[in-house]
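Side chains included, hydrogens not; waters and symmetry mates left out as well; all remaining heavy atoms used. Naming convention: chains lettered A, B, ... in sequence-line order (proteins, then strands); numbering from 1 in each chain.
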There are 2 protein chains.
Amino acid sequence: MSELPIPKHHRVTQEVRREALIRATLDCLAEAGSDGASVRKIAARANVSIGLINHYFAGIEALVAEAYRLLATELLESIEKAVEEAGTEPRAKISAFFRQSFAPPNLDYKVLHVWIAFWSMTRRSHEVQSIHDETYGAYRTVLEGLLGALKDQSGDQEISVRLAAIGLSALIDGLWLEWCLNQKTFSPDEAIRLCEAWVESLITVRSGR
Amino acid sequence: MSELPIPKHHRVTQEVRREALIRATLDCLAEAGSDGASVRKIAARANVSIGLINHYFAGIEALVAEAYRLLATELLESIEKAVEEAGTEPRAKISAFFRQSFAPPNLDYKVLHVWIAFWSMTRRSHEVQSIHDETYGAYRTVLEGLLGALKDQSGDQEISVRLAAIGLSALIDGLWLEWCLNQKTFSPDEAIRLCEAWVESLITVRSGR
DNA sequence: TTCACTATTGAACAAGTGTTCAATATGCCG
DNA sequence: CGGCATATTGAACACTTGTTCAATAGTGAA
C-alpha cells in the first residue's frame, strides 16, 4: 500500500494570497475587534503560517491598512451599485443610497468594530490616515454628486452642495454608529426616515422662500 | 547630620486614589489610544505601583469602564452648564449646546481616541455596554428636553421630539467624529451651522404648512 | 512611643504580541 | 524525470500584557 502524499501546503498567485490574507484580516477584525488582528489569528484563519504575513506585507500595520482600503472600497461600490439600479431620478437615487447604508451587510455591529479598529490606527499610522482621507473623500464626492443633481433639478441655487453632503454623511455615520452600539434606541427604518427628512428640508426650506 | 526621611509613598483616601487612577487612565487613553490603557502606563502616570490598580479595581477593564463613566458624565455636565448660562430662550439654549459641543476641550482628536477605546470595549464588556447605554440615554434626554421646549413654543405638534433628538445627536456625533479624524474637510463653525440648519428645518418646514 | 491596620509595593508568572530567518517543500520549466 | 526558484514554514527572539501575593512601610490610634 503506497501512502498518498498529502501536501502540507500549496502555492498560489501572489495576488490570490494577498487578497486571502486581507479577507482573513477583515474576518478576524469583525469577529474580535482590534484584538482579532494579530498575526497568529489572521494566519490561522487564512490557513497559513505566521511567517507568511511578513513575506507579503511590510508588517501587520500595512496589512490592516490594506484591509481598510478594501472594506471602504467595497462599501462605496455596493452603495453606488444600489444607486445606479434605482433609475435616473435623483431623489430616488438618494433614497437607494440610504436604504443600502442601513441594511446588511453594511449595517452590522461586527462591521462597526472593524471600522473602530481602523479609526484607532489613524493616529499611529500615516498610511491608515491617508486611506481614510481618500476613501471618505470619495464617499462624500458621491454624495455631492447626488445632491448636486437634486439641486439642478429643483433650480434652487442656495443650497451649498458641499456642506449639505458633509452634513448628510455625518448624519448617516452618526446614526449608523449609534445603531451599531445599541440597536434598541431606534430602528433602521427610522434612521432612513431621518435621512429622508434631511433631504426634504434641503429642498422645502429654501424653495419655500 | 540626620538624614531627612523621604517617604517612598504616601497614603490617601480611597476616594482620592480611585479618582487619581481614573484620571490617569483618561490621560493615558488620550495620549496613546487603546494602547495607552495598560496597567503599567496608568500606574506610572498616577505615580503608583502596578499592583495598586488591582487593589482598587476588579481589573483593568473595570477601571476603564469607570473612566468611561467619568468622561461621559463630565461631557454632559459641561454642556448642561453652557446651556443654563445661555438664558431661558429655548432656541438660544440649543445654540449654546452646539457651541459647547464643537469647542475645546470636547472637540479634540485626542478625546476621540478615548471614545474609540471605549466603543471597542462595548463588545467584550457588558459593564462598558451598559455605561454607554446609560450615558448616551442621558445625553439624548437633555436634547429631547431642549427640542421639546422649542416645540411647545412654536405650538407645532407634528415634530416627533424623540426622533428629532436621535437625528440631532447623530448629526453632532457624526460631525464630531469626522472632524476629529480629519480637520481639513470642514471647520467647527460649519459644523455648528449644519446643526443650526437642522433645528431651523424642524421649525420652518412644519410651520410652513 | 508603640502598636496594629492596611495602603502600597514590586517581583514573579503565564500568556500574548510582531518580526526575523534558516530550513523546507512545492510546483513549474527544461 | 531532474533540478531549480521561491512560496511557505515555524522555531526563536525580545517585548508587552494583566494578575497574583507575600513583603513592606506609612499613619492614625492607644
ask   = Quick one: which of D:dT27, C:dT8, D:dG18 gets closest to the side chain of B:I60?
value =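 Ranking D:dT27, C:dT8, D:dG18 by closest atom to the B:I60 side chain puts D:dG18 first.
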
inquiry  = Given D:dG26, C:dG10, C:dT19, identify the nucleotide with an atom nearest to the side chain of A:I50.
reply    = C:dT19

Distance, rounded to the nearest Å, where [X] contributes [atom1] and [N] contributes [atom2]:
{"X": "B:K8", "N": "D:dT27", "atom1": "NZ", "atom2": "P", "value": "14 Å"}
{"X": "B:D35", "N": "C:dG18", "atom1": "CG", "atom2": "C1'", "value": "13 Å"}
{"X": "A:I53", "N": "C:dC21", "atom1": "CD1", "atom2": "P", "value": "18 Å"}
{"X": "A:R124", "N": "C:dG18", "atom1": "CZ", "atom2": "C1'", "value": "12 Å"}
{"X": "A:L52", "N": "C:dC21", "atom1": "CG", "atom2": "P", "value": "17 Å"}
{"X": "B:N54", "N": "C:dC13", "atom1": "CG", "atom2": "C1'", "value": "14 Å"}
{"X": "B:E61", "N": "D:dT19", "atom1": "CD", "atom2": "C1'", "value": "13 Å"}
{"X": "A:I42", "N": "C:dG16", "atom1": "CD1", "atom2": "C1'", "value": "14 Å"}

task = Give a yes or no on whether a salt bridge exists between A:R69 and A:E134, defined as a side-chain N under 4.0 angstrom from a carboxylate O.
result =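 Yes, this pair counts.
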
ask   = Should the pair B:E89-B:K93 be classified as a salt bridge under the 4.0 Å nitrogen-to-oxygen rule?
value =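 Salt bridge flag = no for B:K93 with B:E89.
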
Distance below 4.0 Å between [X] side-chain N/O and [N] OP1 or OP2:
{"X": "A:H55", "N": "D:dA7", "result": "yes"}
{"X": "B:R11", "N": "D:dG28", "result": "no"}
{"X": "A:R40", "N": "D:dG10", "result": "no"}
{"X": "A:Y56", "N": "D:dT8", "result": "yes"}
{"X": "B:S38", "N": "D:dT17", "result": "yes"}
{"X": "B:K41", "N": "D:dT17", "result": "yes"}

key: 5′-ward residue of the pair A:H9/A:V39 relative to DNA chain C   = A:V39

request  = Please name the pair of heavy atoms, one in B:P90 and one in B:L150, separated by the smallest distance, quoted to 0.1 Å.
outcome  =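 Nearest heavy atoms, B:P90 then B:L150: CB-CD1, 3.8 Å.
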
Where B:V128 and B:A65 come nearest, the two heavy atoms and their spacing = CG2-CB, 3.9 Å

key: Closest-nucleotide ordering on DNA chain D, the 5'-leading residue of A:Q14 and B:G59   =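 The residue whose closest nucleotide sits nearer the 5' end is A:Q14.
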
inquiry  = In this structure, is the centre-to-centre distance between the rings of A:F97 and A:Y139 below 6.0 Å?
reply    = yes

request  = Scan B:A37 against the nucleic acid and name what it touches under 4.0 Å (heavy atoms): base, sugar-phosphate only, or nothing.
outcome  = sugar-phosphate

